[in-house]
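These notes are about the structure you will find just below.
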Amino acid sequence: MSLTQNIKQRLDSWLQMLIEADGADLHIKSNSQIHARIKSDIVLLSNEKLDAKTVESLVHMLTGNAYEEFIKTKEFDGAYALNKEYRFRVNIYMHLGGYAIAFRLIPSYIRTIEELNLPTALHKFAQLRRGLVLVTGTTGSGK
């Protein structure tokens with residue numbers, strides 16, 4: 001098995017763990033353990049500590065032909081498909097210890113007001129024909 005196939009299988013298993021835990025983000029950093037955002041908290045997802053070379057291999061795989069541009073700009077935004085059902089937004093950047101990668105799960109469907117346990121009064125906003133409704137909040141607050 002090649003290094004790329006191995007790192008892809010490992011990445012897919014971490015993303016699957018994230019999905020099973022109903023998480024939103026997967027965080028990978030050089031020389032660090034793997035963390036996830038689950039229910040607004042950053043938690044340890046795996047005790048496995050990734051060395052800089054492994055994370056660099058992952059960066060090469062994710063950036064593909066854009067690797068040289070990433071080296072110049074020190075930042076990359078892209079997408080990764082686990083399968084037909086689950087897609088992730090990917091942000092790769094440099095930090096003091098090397099590379100860092102953040103995966104954000106892109107929902108496959110939009111949840112209803114009831115599924116989100118929101119007040120039923122929000123149905124009124126969906127029926128407005130004119131005007132501007134602003135929904136604001138901090139990152140990760142569920143806007």
F103 and Y80 aromatic ring geometry - parallel, tilted or perpendicular at 30°/60° bounds
perpendicular
Is the shortest heavy-atom distance from the side chain of I106 to the side chain of F88 under 4.5 Å?
no
Main-chain N/O of E115 paired to T112 side chain as donor or acceptor, under 3.5 Å:
yes
Taking the side chain as every heavy atom from C-beta outward, state whether L58 and L62 have any atom pair closer than 4.5 Å.
yes
Just so I know, are the side chains of V43 and H35 near enough to count as touching, which here means a heavy-atom distance under 4.5 Å?
no
side-chain contact (heavy atoms from CB on, under 4.5 Å), paired with L26, selected from I101, L45, L105:
L45
Tell me, yes or no, whether the heavy-atom count around K49 atom NZ, taken from other residues, nucleotides or ligands under 6.0 Å, exceeds 12.
no
Same hydrophobic cluster for V59 and I71, using side-chain heavy-atom links shorter than 4.5 Å among ILVMFWY?
yes
Got K74 and H95 here, is their nearest side-chain heavy-atom distance under 4.5 Å?
no
Worked verdict on I92 versus F70 for side chain to side chain contact (heavy atoms under 4.5 Å, CB included):
CA-CA 8 Å; I92 305 172; F70 165 70; 3.6 Å; yes
Would you say the side chain of R87 lies within less than 4.5 Å of the side chain of L82, judging by non-hydrogen atoms?
no
Look only at the side chain of S30 and the backbone of Y99, and say whether a donor-acceptor pair between them is shorter than 3.5 Å.
yes
Rounded to the nearest 0.5 Å, how far apart are CG of D51 and OG of S57?
8.5 Å
Check whether any side-chain heavy atom of V90 sits under 4.5 Å from a side-chain heavy atom of D77, and report yes or no.
no
Report, as yes or no, whether the 6.0 Å neighbourhood of atom CG on L96 holds more than 12 heavy atoms from other residues, nucleotides or ligands.
no
Take M61 and Y67 through the side chain to side chain contact (heavy atoms under 4.5 Å, CB included) test and state the conclusion after the steps.
CA-CA 9 Å; M61 183 192 82; Y67 181 75; over 6 Å; no
Is a salt bridge present between D41 and R37, judged by a nitrogen-to-oxygen distance below 4.0 Å?
no
Within a 6.0 Å radius of atom CD1 on I110, are there more than 12 heavy atoms belonging to other residues, nucleotides or ligands?
no
Donor-acceptor check, side chain of T73 to backbone of E69, threshold 3.5 angstrom: yes or no?
yes
If you look at every heavy atom in A36 and L18, which pair is closest and at what distance?
CB-CD1, 3.6 Å
Any chance you could lay out the side chain to side chain contact (heavy atoms under 4.5 Å, CB included) test for I28 and V55, step after step, and finish with the verdict?
CA-CA 8 Å; I28 297 173; V55 177; 4.1 Å; yes
When you measure from the side chain of S32 to the backbone of K29, do you find a donor-acceptor pair of N or O atoms at a distance under 3.5 Å?
no
Would you please test H27 and Q33 for side chain to side chain donor-acceptor pair (under 3.5 Å) and show each step?
CA-CA 9 Å; H27 298 281; Q33 295 167 313; over 6 Å; no
Is there a path of hydrophobic side-chain contacts, each under 4.5 Å between heavy atoms, that joins I38 and L44?
no
So R10 and T54, do their side chains get closer than 4.5 Å, heavy atoms only?
yes
